[in-house]
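Since the structure comes first, as structure tokens, the remarks are kept for the end.
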Amino acid sequence: MPQRRHVARAAFTAAAATALLSLAVPAWASSTVPLNPAHQDQTAAGFQQECDDERFDDLADNQDGWHFVLPGGKESGNFESLTLTYSDGTNQVEIKVPDATDAYPDYFYSTGGKAPRTIHAYVFTPAGWTLVDGSAVISGTATKFNLSHTCAGTPAPSESPSPSESPTGSPTPTPSTPGEETPTPTPGGSENPSENPSRTPAPGTSVGGGAGGGGTEGGLPLTGVAATSISLTGLALIGGGVLLMALRRRRDKITFTS
């Protein structure tokens with residue numbers, strides 16, 4: 001009899017422990033649930049704005065604040081981690097919560113009371129991003145999580161491309177008018193042919209000779225002073241000849257008497 005009692009007690013203890021474990025297993029299991037489909041592809045500016053949330057106090061002007069919540073009662077469980085996918089307009093960016101190693105502030109927030117629950121998550125992203133999708137690992141029976149509210153910031157102005165600089169130092173060539181040719185410059189002389197007269201000497205003169213006999217070939221050029229001297233000399237000779245002829249005629253008319 002005592003032996004049977006020990007066996008019965010052991011069986012009862014095992015059954016009670018199994019029952020307790022079976023009740024506790026759902027609380028220990030983790031599951032992955034999606035973001036509410038109605039909250040996909042949302043921008044902070046286009047969602048419900050609640051910037052008076054005190055947990056957005058440290059939000060910068062060029063950041064968007066996002067608040068996520070796990071709906072339902074105690075059986076819904078707690079947040080264990082979140083994976084959120086955003087688009088910056090060009091690329092998709094994946095943000096983990098919690099993750100202190102990335103550039104995006106994030107944290108969980110727990111409710112108070114005797115049985116606190118971790119059902120709130122906050123994320124700060126650059127302003128203007130779009131929430132594409134997300135998933136959450138939870139400890140309860142919830143089937144989805146929600147985007148509760150946001151606080152939109154002002155996107156930082158994008159840098160405009162620097163203006164292209166035109167090269168300097170080389171003037172833009174001016175196209176010539178059809179039918180009009182650019183004169184080829186004469187080496188060592190003027191580009192205008194009228195300013196560079198022919199150097200062919202006139203008959204009777206030499207090239208390169210100047211006043212004072214600087215030439216190397218031929219005689220001196222006939223200048224105005226030389227022509228005047230020759231004319232005066234000729235007139236003097238003519239006058240002298242006339243005078244001699246008059247004296248000779250006068251002598252011939254004289255008759256000598258003895």
Side-chain angles (χ1 to χ4, degrees), residues 8-60 63-87 92-153:
R9 286 177 182 175
F12 178 78
T13 302
T18 302
L20 289 174
L21 286 173
S22 64
L23 292 174
V25 165
W28 296 340
S30 296
S31 61
T32 301
V33 297
L35 174 66
N36 187 336
H39 300 161
Q40 296 175 356
D41 299 318
Q42 296 287 338
T43 62
F47 205 73
Q48 179 180 343
Q49 300 283 297
E50 292 187 16
C51 290
D52 56 350
D53 187 331
E54 62 182 7
R55 290 167 190 82
F56 290 149
D57 288 348
D58 294 332
L59 189 67
Q63 289 181 325
D64 287 338
W66 308 80
H67 173 214
F68 299 92
V69 64
L70 185 63
K74 186 182 298 184
E75 67 281 0
S76 294
N78 300 274
F79 278 137
E80 293 182 356
S81 66
L82 270 71
T83 301
L84 304 169
T85 302
Y86 287 90
S87 172
Q92 289 193 348
V93 182
E94 188 175 86
I95 298 178
K96 298 283 189 179
V97 183
D99 185 359
T101 63
D102 61 17
Y104 314 107
D106 58 72
Y107 60 92
F108 285 134
Y109 175 73
S110 300
T111 60
K114 295 181 180 180
R117 297 175 57 213
T118 304
I119 60 173
H120 301 280
Y122 287 86
V123 179
F124 295 173
T125 66
W129 283 19
T130 299
L131 175 63
V132 178
D133 202 356
S135 62
V137 177
I138 63 170
S139 61
T141 60
T143 58
K144 63 184 176 182
F145 70 102
N146 296 329
L147 174 60
S148 173
H149 55 263
T150 62
C151 181

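The structure presented is a predicted model; accordingly, all values stated were derived computationally and were not measured.
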Problem set entry | Rounded distance (nearest 0.5 Å) linking atom CG of L131 with atom CG of D41 | 8.0 Å
Problem set entry | Those residues that, when tested against P105, pass side-chain contact (heavy atoms from CB on, under 4.5 Å) (two or more places apart) | Q63, F124
Exercise. Sub-3.5 Å donor-acceptor pair from the side chain of S139 to the main-chain atoms of G77, do we have one?
Worked result: no
Problem set entry | Set of side-chain contact (heavy atoms from CB on, under 4.5 Å) partners for P71, sequence neighbours left out | N146
Seminar exercise, completed: Distance col, row R117:CZ vs Y109:OH, nearest 0.5 angstrom, shows 13.5 Å
Exercise. What pair of heavy atoms forms the shortest contact from A152 to A44, and how long is it?
Worked result: CB-C, 3.9 Å
Problem set entry | Closest contact, heavy atoms only, F56 versus H149 | CE1-CD2, 3.9 Å
Seminar exercise, completed: Residue set satisfying side-chain contact (heavy atoms from CB on, under 4.5 Å) with A142, at least two apart, ordered chain then number -> L70, S76, I138
Seminar exercise, completed: Interatomic distance, CG@D133 vs OG@S87, rounded to 0.5 Å, equals 12.5 Å
For this session: Kindly write out the residues that satisfy ring pair (Phe, Tyr, Trp, His ring centres under 6.0 Å) with F47, not counting sequence neighbours, or none if the list is empty.
Result: H39
For this session: Using the disulfide (SG to SG under 2.5 Å) rule, collect all pairs that involve residues 105-153, keeping only residues at least two apart or in two chains.
Result: C51-C151
Exercise. Would a distance-only check, ignoring hydrogens and angles, find a side-chain to backbone donor-acceptor pair under 3.5 Å from Q92 to T85?
Worked result: no
Exercise. Side chains of I119 and T111: does their closest heavy-atom pair fall under 4.5 Å?
Worked result: yes
Exercise. If you take all heavy atoms of S31 and G140, which pair is closest and at what distance?
Worked result: OG-O, 3.5 Å
Exercise. Are the side chains of Y86 and V123 in touch, meaning some heavy atoms are under 4.5 Å apart?
Worked result: yes
Problem set entry | Partner residues of K96 under the side-chain contact (heavy atoms from CB on, under 4.5 Å) criterion, sequence neighbours left out | T83, E94, D99
Exercise. For D57, does the CG atom sit with more than 12 other heavy atoms under 6.0 Å from it, leaving out its own atoms?
Worked result: yes
For this session: Can you sort out the partners of D53 under salt bridge (charged side-chain N to carboxylate O under 4.0 Å, His left out), two or more places apart, ordered by chain and number?
Result: R55
Problem set entry | Minimum heavy-atom distance Y104-V93, with the two atoms named | OH-CG1, 3.8 Å
Exercise. Quick one: are F68 and V97 in side-chain contact, heavy atoms under 4.5 Å?
Worked result: no
Problem set entry | Heavy-atom pair with the smallest gap, counting every atom of D64 and P126 | OD2-O, 3.8 Å
Exercise. Of the non-hydrogen atoms in A136 and F79, which two are nearest, and what is the gap between them?
Worked result: CB-CE2, 3.8 Å
Problem set entry | S148 side chain vs H67 backbone, donor-acceptor pair below 3.5 Å | no
Exercise. Can you name the residues that form a side-chain hydrogen bond (donor to acceptor under 3.5 Å, both in side chains) with T118, not counting sequence neighbours?
Worked result: S110
Exercise. How far does CG of L35 sit from OG of S135, to the nearest 0.5 angstrom?
Worked result: 9.0 Å
For this session: Just grab all the side chain to side chain donor-acceptor pair (under 3.5 Å) pairs involving residues 123-132, residues at least two apart or on different chains.
Result: W66-T125
Problem set entry | Those residues that, when tested against Q48, pass side-chain hydrogen bond (donor to acceptor under 3.5 Å, both in side chains) (two or more places apart) | E50
Problem set entry | side-chain contact (heavy atoms from CB on, under 4.5 Å) assessment of Q40 paired with V132 | CA-CA 5 Å; Q40 296 175 356; V132 178; over 6 Å; no
